[in-house]
Amino acid sequence: MGTQLDLNNYFESYLKKEPLFRNKKVLQINYTPDDIPHRVNQINSLAAVLAPTLRKEKPSNVFIYGKTGTGKTLVVQHILEKLLEMARNKQIPLKTIYLNCKLKKIADTEYRLIAELAKAMGREVPPTGLPTDEVYNIFIKIIDQKEQILVLVLDEIDRLVEKTGDEILYNLTRLNSHLQKAEISFIGISNDVRFIENIDPRVKSSLSEEELIFPPYNAEELRDILKKRSTIAFKEGAVLDGVLEKCAAYAAREHGDARRALDLLRVAGEVAERSDADKVTQEHIDKAEERIEKDRVLEIIITQPKQSQCVFYAILLKLENTDQKIETGEVYETYKDICIQTGLAPLTQRRVSDLLSELDMLGLINGKVISKGRYGRTREIYLTIPKDILDKIKTKLKEELL
DNA sequence: CGAGATTCATGTGAAGTATACCTTTAGGCTTAA
DNA sequence: AAGCCTAAAGGTATACTTCACATGAATCTCGTA
């Protein structure tokens, strides 16, 4: 009875409470503002490159570099959107596909990438069983049905090449020679600036006819961005002075990641709202940071296959007390124990070694291969996750595994 | 004492295996003429 | 006889295993000063 009443009261007071947000969407990652500050040059350059599509000419391939959260994806999508709109009005057959290669199970092999492209064009391809050439043929056939220009955006392309080699890029660039009517241009987006140096020179020249660099935002620019968005997102006076500055400073520390800054501000707002505060304060930002990190890690972990989770859990257990660093052998031993407990068939150490590399790439751990001379050679493993959220992650992982 | 050989514990590459799934094909059954 | 369904055959991608070899500095060995 009591709880019923409490609940009613709770909802009542929830409704009465003045929300801090006016329009939270503005702070969410998929929001595309009309006005992108401090990226005028990049926008203009990219627009200049892509403009020929409106004359039904194939635009040059572009390569874009920049760290995460420097607005690469945002700018590209913004321009493509405008371009598409214009093309629609003028009856120009333009089609764009955006693909993020980082997402596991979406495009981490050549086969899956092409399959995904075909799917984006409206043709489902089975997950396995077909020869890769066949999938290419399907894709070629479907886009070559009519005259059109296709702009293909491959986000985080460095991840893909790292996993599968650069042959795939070569195949992609040669795609045009198989097409009669349609034409394809590529926009490659990479977080790694050195990426293009290490690929086949033939591919390099054709894929990066144009290059575009997105430098990190500095604290001032970040503050500017936050300011613009927060005036739309929050009620007036809902954000205490200095909060935006702190957000900007935090994010600037992380190589000027605007996405992070916005996330931080949004979550801080949510935290503030939940704790009944009438203003967003600096303390809320600290809490927000913790929560974001926890969510990020959890998000990665739960989308990981069981075996990887198990390996990661083993690392957590080991590092919980040891605090310093551990080695592959120790991890493998605990991993096997966990497998026995959970009834999971243990993988070989060879495979676990690969899984460890993957966890490294995901940024959950930090592995360094070192030689200890007489005492062999191993991978030293550190956690990259702050200690304070370790417990929560551990419990979550525990229920996930059992 | 120092140069070279040895050694350890695991990294790493290549090739093989198991599994899941695809298309094609052949056989058998049904159906319509 | 033509059409349709099903099961087997033949093929592929992917995740994993097996085998074999590569690594690289601490330690050992042994010739030499």
Side-chain angles (χ1 to χ4, degrees), chain A residues 99-142 159-172 198-200 300-315 318-319 322 324-340 342-362 364-383 400-401:
Chain A
L99 215 61
N100 190 330
C101 307
K102 184 182 70 177
L103 300 173
K104 192 154 179 158
K105 296 286 177 189
I106 300 284
D108 62 349
T109 68
E110 185 168 12
Y111 182 96
R112 293 213 258 250
L113 177 79
I114 310 300
E116 202 59 29
L117 290 179
K119 189 176 160 195
M121 296 299 296
R123 172 82 151 72
E124 287 276 352
V125 172
T128 169
L130 261 51
T132 306
D133 318 6
E134 186 57 30
V135 185
Y136 266 107
N137 289 336
I138 291 173
F139 178 61
I140 287 171
K141 207 165 147 195
I142 194 166
R159 293 290 190 106
L160 177 69
V161 172
E162 197 171 317
K163 286 198 106 162
T164 61
D166 54 8
E167 237 172 283
I168 185 168
L169 295 182
Y170 182 63
N171 290 338
L172 283 176
N198 304 327
I199 62 174
D200 191 326
I300 297 175
I301 289 174
I302 53 177
T303 55
Q304 223 51 24
K306 273 259 180 314
Q307 294 287 6
S308 283
Q309 291 180 355
C310 208
V311 173
F312 188 66
Y313 189 54
I315 296 170
K318 267 285 172 188
L319 277 173
T322 328
Q324 282 302 309
K325 63 198 170 191
I326 46 168
E327 295 166 9
T328 311
E330 305 174 62
V331 174
Y332 188 62
E333 288 307 312
T334 24
Y335 159 79
K336 274 201 292 194
D337 288 346
I338 297 169
C339 282
I340 292 166
T342 57
L344 208 60
L347 301 175
T348 43
Q349 187 159 345
R350 175 72 185 82
R351 180 62 185 147
V352 170
S353 178
D354 282 348
L355 290 182
L356 283 172
S357 307
E358 273 177 42
L359 288 175
D360 194 356
M361 290 228 292
L362 287 168
L364 294 181
I365 63 173
N366 207 322
K368 204 169 63 183
V369 180
I370 57 140
S371 174
K372 292 186 303 165
R374 183 72 170 70
Y375 304 106
R377 169 176 214 256
T378 190
R379 179 185 267 129
E380 281 184 348
I381 298 164
Y382 309 83
L383 266 185
E400 195 76 20
L401 284 169

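Just so it is clear, the model here is predicted, and its values are computed rather than measured.
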Set of salt bridge (charged side-chain N to carboxylate O under 4.0 Å, His left out) partners for E110(A), sequence neighbours left out: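 Partners of E110(A) by the salt bridge (charged side-chain N to carboxylate O under 4.0 Å, His left out) criterion come out as none, since no residue qualifies.
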Contacts of K141(A) that satisfy salt bridge (charged side-chain N to carboxylate O under 4.0 Å, His left out) - sequence neighbours left out: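 By the salt bridge (charged side-chain N to carboxylate O under 4.0 Å, His left out) rule, K141(A) matches no residue at all.
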Near-strand residues of residues 123-133 of chain A, defined as heavy-atom separation under 4.0 angstrom from DNA chain B: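 When residues 123-133 of chain A is checked for heavy atoms under 4.0 Å from DNA chain B, the hits, listed by number, are P126(A), T128(A), G129(A), L130(A).
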Side-chain N,O (T348(A)) to OP1/OP2 (dT17(C)) below 4.0 Å: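 Yes.
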Watson-Crick and G-U pairing of DNA chain C, under 3.5 Å, as dot-bracket with | and [ ]: |||||||||||||||||||||||||||||||..
Y332(A): ring-ring contact (aromatic ring centres under 6.0 Å, His included) partners, not counting sequence neighbours: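 With neighbours one apart ignored, the set is Y335(A).
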Given atom [atom1] of [X] and atom [atom2] of [N], what is their separation to the nearest angstrom?
{"X": "E380(A)", "N": "dA25(C)", "atom1": "CD", "atom2": "C1'", "answer": "13 Å"}
{"X": "R351(A)", "N": "dT18(C)", "atom1": "CZ", "atom2": "P", "answer": "14 Å"}
{"X": "K368(A)", "N": "dA25(C)", "atom1": "NZ", "atom2": "P", "answer": "13 Å"}
{"X": "L347(A)", "N": "dT14(C)", "atom1": "CG", "atom2": "C1'", "answer": "14 Å"}
{"X": "E110(A)", "N": "dA13(C)", "atom1": "CD", "atom2": "P", "answer": "9 Å"}

Determine whether a donor-acceptor pair (N or O, by modelled atom type, separation under 3.5 Å) exists between the side chain of [X] and the backbone of [Y].
{"X": "E333(A)", "Y": "E330(A)", "result": "no"}
{"X": "T342(A)", "Y": "I338(A)", "result": "yes"}
{"X": "R379(A)", "Y": "S353(A)", "result": "yes"}

Presence of salt bridge, K306(A) and E400(A), under 4.0 angstrom: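 Result for this pair is no, no salt bridge flagged.
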Summary of protein contacts for nucleotides 5-13 of chain B, nucleotide by nucleotide, where a base hit scores B, a sugar-phosphate-only hit scores S (4.0 Å, heavy atoms): --BBBSSBB
